[in-house]
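Just so you know, these numbers use all the heavy atoms, side chains as well, and skip hydrogens, waters and symmetry mates. For ligands, and for the atoms within them, numbers begin at 1 and follow the listed sequence.
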Amino acid sequence: MSKITSSTLRTFKTEGKKFTALTAYDASFANAFDSEGVDVLLVGDSMGMVLQGHNDTLPVTVNDIAYHTRCVRRGVERALLIADMPFMSYATPEQAMINAATLMQAGASMVKVEGGHWLLESVKMLTERGIPVCAHLGLTPQSVHVFGGFKIQGRDADNAQRILDEAKALEAAGAQLLVVECIPAPLAKTITEALTIPVIGIGAGADTDGQILVMHDVLGISSGYIPRFSKNYLKQTGEIRSAVRAYIDEVAQGIFPAEEHTFS
Ligand code: KIV
């Protein structure tokens, strides 16, 4: 079994092979997802909502992510493990470097940061110092209060152009992966075709190179609101490992996301 790296994901992109990602926060779920064939596991700051019960991701700390990264690392053999940098842990390049180092030492193989042009210097700095970066554009949840809620981004031409420009600039700065969240499917397609690095979508249509979902949504156990772009695979399969396999198969075959999960 060969380990998934950013070069594996690039090969998948070149070959047109769709790949899957899921969030994970502990060793047992991580091990189940990994052994069923999920390619990328993200210790997401979504833990603020799905584990800690907050209304947004802002209260999550570097220590929280580091603790859960250590747990997940013990369960993973094959998947690429990404750790989210939480709110205000990368507001300056120096903070980014110190906090990213903590997450890499906790077991991450890559860190994820939310934002565009203002992050270019940090992305370059981290990459040059041996820390691979996954960028995140569109509905970046740490900016929920700037957006005035969890709203679709990139709907008008100016914003769509800005997101596309930022995606290209982040790739040029050294980002090795990009997550695009809650943007119209045609914009996600344009970004995916414009970049050589793999693009992972969530609420971004079927044309990105990979898909990511929050595990609690896939298993239908998120408290309260379940996003429209997500799918409860446990409901249709009745068993956790089968649910994960169904998610992987549907992404590979282009069945998920369907029209009903997509913003146009
Ligand atoms: O924190 C998270 O889980 C994420 C994914 C939704 C992409 O950032």
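Atom CD1 of Ile197 and atom SG of Cys134 lie 8.0 Å apart (nearest 0.5 Å).
Annotation: side chain of Ile65 is in contact with side chain of Leu103 (closest heavy-atom distance under 4.5 Å).
Using bins of under 30°, 30° to 60° and over 60° for the plane-to-plane angle, the ring pair Phe256/Tyr233 lands in the perpendicular bin. Using cut-offs of 30° and 60° on the angle between ring planes, the pair Phe12 and Phe19 is tilted.
Protein residues lining ligand 1, listed by chain and number: Thr23, Leu42, Gly44, Asp45, Ser46, Asp84, Lys112, His136, Ile202, Val214 [non-hydrogen atoms, distance under 4.0 Å].
A salt bridge between Lys112 and Asp45 is absent, with no side-chain N of the basic residue lying under 4.0 Å from a carboxylate O of the acidic one.
What you find for Ser35 and Arg241 is that their closest heavy atoms are OG-NH1, 3.0 Å.
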